[in-house]
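Here is the structure we will look at, set down as structure tokens.
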Amino acid sequence: MSLDLNLPQQEAVRHTGTPLLVLAGAGSGKTRVITQKIAYLIGERGMPARHIAAVTFTNKAAREMKARVGRLLGQTPEGLRISTFHALGLDIIRREARHLGLRPGFSIYDNQDSANLIRDLMCRSFGDDGKQAERTQWRISAWKNDFLQPEQVLLEDKSDAISAAAMRVYADYNRHLRTCNAVDFDDLIMLPVLLFREQPEILDKWRSRIRYLLIDEYQDTNATQYELVRALVGERQGLTVVGDDDQSIYAWRGACPENLARLQTDFPDLRVIKLEQNYRSMGRILKAANALIGNNPHVYEKRLWSDLGYGDPIRVIRTANEEDEAERIVAELLHHRFQKGSRFGDYAILYRGNHQSRLFEKQLALHNVPYYLSGGTSFFAYSEIKDIMAYLRLVTNPEDDNAFLRIVNTPRREIGPTSVEALVRFAASRHSHLLNACFDNAIHSELKTRAVNSIQAFANWVVDMSQRVAAGESVEVVRDIIRDIGYETWLIDNCKEREDAERRMGNVNDLVEWISRLSREQKEGGLGEVIRRLTLLDMLDRDDDNARDQVSLMTLHAAKGLEFDCVFLVGFEENLLPHRASIEEGNIEEERRLAYVGLTRARRELTLSFAARRKRHGEIVECEPSRFLDELPADDLDWSGRDNNLSDEEKKARGRGHLAGLRKLLATE
DNA sequence: TGGGGTGATATTTTT
DNA sequence: TATCACCCCA
């Protein structure tokens with residue numbers, strides 16, 4: 001084992017007899033523990049790599065972990081599974097597909113596909129307008145994350161309109177997914193758990209396959225993911241989870257930080273090891289972060305420390321409004337960079353909501369500062385990518401009615417909405433899939449000859465392509481499909497700008513490139529498996545992001561796991577952080593953790609800023625500094641930033657170091 | 001078929 | 001207020 005581990009880290013790596021919970025504070029080297037432990041299990045315990053699985057939440061984390069293990073061992077061992085929860089679930093589902101009633105070539109629906117399906121169901125089956133489809137989808141997803149099946153939800157309260165709508169479509173939605181030979185993201189976790197419950201012999205098979213399970217960011221697991229973990233670990237003790245309850249910021253999307261405490265009861269032999277030495281931040285930043293998070297209740301107490309020195313005071317900047325804030329922060333950043341000769345990449349501007357990025361973007365652009373903005377549209381949300389993916393889904397899974405509907409008339413094929421509707425009705429009456437229904441001779445009674453001809457020509461072409469896929473072709477078919485449908489011409493005709501069409505076609509070519517690469521790596525499952533893996537991938541999270549020298553602009557959520565020399569945490573205000581909605585829900589603790597995550601991103605310097613007034617929904621509103629400012633040690637704050645726009649009275653209040661006094665003044669200002 | 005008018009909405013987001 | 005999705009009309 002390498003010697004660059006501290007004592008608790010070494011203990012965590014070596015402990016294997018019983019399940020282990022590693023409480024790893026921010027910057028305490030948790031990924032290092034996981035990667036070293038994998039190396040230890042293989043290298044010193046002689047455990048075959050194929051029996052080890054490490055699970056993360058994002059592709060990026062999985063990729064990084066893989067790379068680090070590879071570096072430790074000289075190569076990534078054959079059979080070692082390092083993947084996201086969803087990819088692990090997909091692995092299980094693919095191998096057990098027939099037990100789940102899925103045919104080979106099954107599709108994965110992303111959130112947008114699911115919402116489309118739900119919209120259809122709401123309109124067709126319930127006469128709803130389908131306007132709330134996205135929220136309904138969200139609610140159903142929340143149920144699936146809580147491991148609640150449709151029949152269990154009936155017991156739930158149905159007071160609000162969304163829940164009521166969701167309850168009506170939930171079961172139907174699942175049925176439709178299965179009829180289309182499709183699963184959604186949440187099913188990737190839930191179906192394996194259901195299968196394991198019903199068929200213990202299959203569970204046994206997987207238990208003997210995965211004998212040691214390591215989980216990163218454990219505080220982000222939801223109820224269903226926990227069930228999957230519990231099923232796989234069983235009576236065996238091969239489990240190491242690493243997490244930090246103080247960095248749990250995803251409860252709103254189903255994460256269940258209580259899973260940390262539940263381990264203790266579900267695994268009585270649980271060993272708990274705390275990692276409290278922080279290798280990232282200066283002492284003062286940690287002191288402030290500790291003070292803040294000390295206001296939250298804790299199951300496990302922990303106190304971060306570091307030996308990197310105390311560091312400069314945390315600067316607090318107040319400006320008159322949000323425009324001044326952006327101007328001021330960017331000016332400070334430039335000034336600082338000039339003085340220290342640092343790189344743009346050393347800076348991050350963090351905020352609570354995406355909309356806050358705008359003014360900062362504007363200021364940075366004004367000064368020609370290169371910046372990286374996280375949280376744009378994902379690659380798979382582009383309509384050209386969705387189109388091509390729909391084609392590929394349909395040829396790998398002819399039962400995928402959703403894909404059929406998306407592309408039957410894109411590009412134009414003279415199959416208008418009337419024909420499509422008639423086809424849908426006809427297929428439903430025959431309990432047939434759309435593609436299949438096209439070949440039914442009875443269709444002539446429903447549609448005009450011309451429409452039938454167009455539809456059958458299309459259907460025949462799809463079947464031709466399917467057969468080529470079934471015969472084992474992959475990239476070649478993809479290229480031919482794009483050529484056959486004349487997609488490039490269609491893009492050029494449908495874009496106002498030339499560059500627009502070129503950009504979109506560029507995206508399509510990138511997609512083909514990815515498919516070609518994955519096809520080479522992927523040995524089993526053919527094009528269908530490539531498409532499924534692709535659906536789980538986000539091609540935008542490229543590695544070279546931080547290689548470029550850019551200022552990072554991102555939400556606090558997006559910043560988790562990252563670190564920067566110099567952090568500006570902006571909009572440190574009541575109603576923003578903590579967010580208004582959270583205050584109303586009484587959910588201050590998660591907001592405090594969010595602030596904590598923000599503070600602990602900083603290595604050397606930290607600046608907090610807030611505005612006295614801010615435009616909200618077009619109205620100018622008075623703002624108060626965040627209550628979290630009161631929770632930071634006053635002695636470590638420096639309010640003396642130049643030109644703080646304070647009146648004399650405010651300065652007096654500030655001099656006393658009492659925020660309360662300042663706040664009173666601000667309130668009456 | 002595309003542009004403009006209309007109305008709903010306004011935290012965080014990965015897979 | 002800004003944005004976006006959707007619908008309707010020319």
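Everything numeric in this text was worked out from a predicted model, so none of it was measured.
- A salt bridge (Lys or Arg N to Asp or Glu O under 4.0 Å) with A/Glu622 holds for exactly one of A/Arg614, A/Arg613, A/Lys615; it is A/Arg613.
- Look at A/Asn354 and you'll find a side-chain N or O under 4.0 angstrom from OP1 or OP2 of B/dT12.
- Under the stacking definition used here (centres under 5.5 Å, planes under 30°), the residue A/Trp252 qualifies as stacked on the base of B/dT12.
- Exactly one residue among A/Arg253, A/Lys560, A/Arg593 makes a salt bridge (Lys or Arg N to Asp or Glu O under 4.0 Å) with A/Asp220. That residue is A/Lys560.
- Side-chain proximity of A/Tyr250 to the nucleotides B/dT15, B/dT11, B/dT13 is greatest for B/dT13.
- The minimum heavy-atom distance between A/Leu373 and A/Tyr351, with the atom names listed, is CD1-OH, 3.7 Å.
- Relative to the side chain of A/Leu536, the nucleotides B/dT13, B/dT15, B/dT11 differ in distance, and B/dT15 lies closest.
- When each of A/Thr555 and A/His617 is assigned the nucleotide of DNA chain B with its nearest heavy atom, A/His617 is the one assigned upstream, toward the 5' end.
- Per the geometry, CG belonging to A/Leu594 stands 10 Å off P belonging to B/dT13, to the nearest Å.
- Using a 4.0 Å heavy-atom criterion, one finds that A/Arg532 contacts no nucleic acid atom at all.
- Between the C1' atom of B/dA10 and the CH2 atom of A/Trp138 lies a distance of 16 Å, rounded to the nearest Å.
- With the nearest nucleotide of DNA chain B identified for both A/Phe185 and A/Glu591, A/Glu591 has the one nearer the 5' end.
- Separation of the A/Phe57 and A/Phe85 ring centroids falls under the 6.0 Å cut-off.
- Distance check on atom C1': C/dA5 versus B/dT12 gives 22 Å, rounded to whole Å.
- Nucleotide C/dA2 holds its P atom 16 Å from the CD atom of A/Glu361, rounded to whole Å.
- Between B/dT13, B/dT15, B/dT11, one nucleotide has an atom nearer to the side chain of A/Asn111 than all others, and that is B/dT15.
- When the C1' atom is compared between C/dT3 and B/dT14, the two are found 24 Å apart, to the nearest whole Å.
- Residue contacts shown for A/Gln225 are absent, as no nucleic acid heavy atom lies under 4.0 Å away.
- Note: CG (A/Leu188) to P (B/dT14) measures 16 Å, nearest angstrom.
- Remark: C1' of B/dT15 and CD1 of A/Ile92 are 15 Å apart, rounded to the nearest angstrom.
- Taking atom CG on A/Asn575 and atom P on B/dA10, their separation rounds to 16 Å, with Å as the unit.
- On a pure distance criterion of 3.5 Å, no polar donor-acceptor pair joins the side chain of A/Asn59 and the base of B/dT15.
- For the P atoms, the distance from C/dC4 to B/dT11 is 14 Å, rounded to whole Å.
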task: Test side-chain contact (heavy atoms from CB on, under 4.5 Å) on A/Asn587 and A/Trp252 and set out the steps.
output: CA-CA 10 Å; A/Asn587 195 7; A/Trp252 54 273; over 6 Å; no

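- The nearest whole Å value for the distance from the CZ atom in A/Phe85 to the P atom in B/dT14 is 17 Å.
- Taking side-chain N and O atoms only, A/Arg412 has a distance below 4.0 Å to OP1 or OP2 of B/dT1.
- Stacking is not found between A/His86 and the pyrimidine-like six-membered ring of the B/dT15 base under the 5.5 Å centre-distance and 30° plane-angle cut-offs.
- Taking atom CD of A/Gln112 as the reference point, atom P of B/dT15 lies 16 Å away to the nearest angstrom.
- The residue A/Arg358 sits close only to the backbone: its heavy atoms come under 4.0 Å of sugar-phosphate atoms, none of a base.
- Under the ring pair (Phe, Tyr, Trp, His ring centres under 6.0 Å) criterion, A/Tyr170 pairs with A/Trp143, not counting sequence neighbours.
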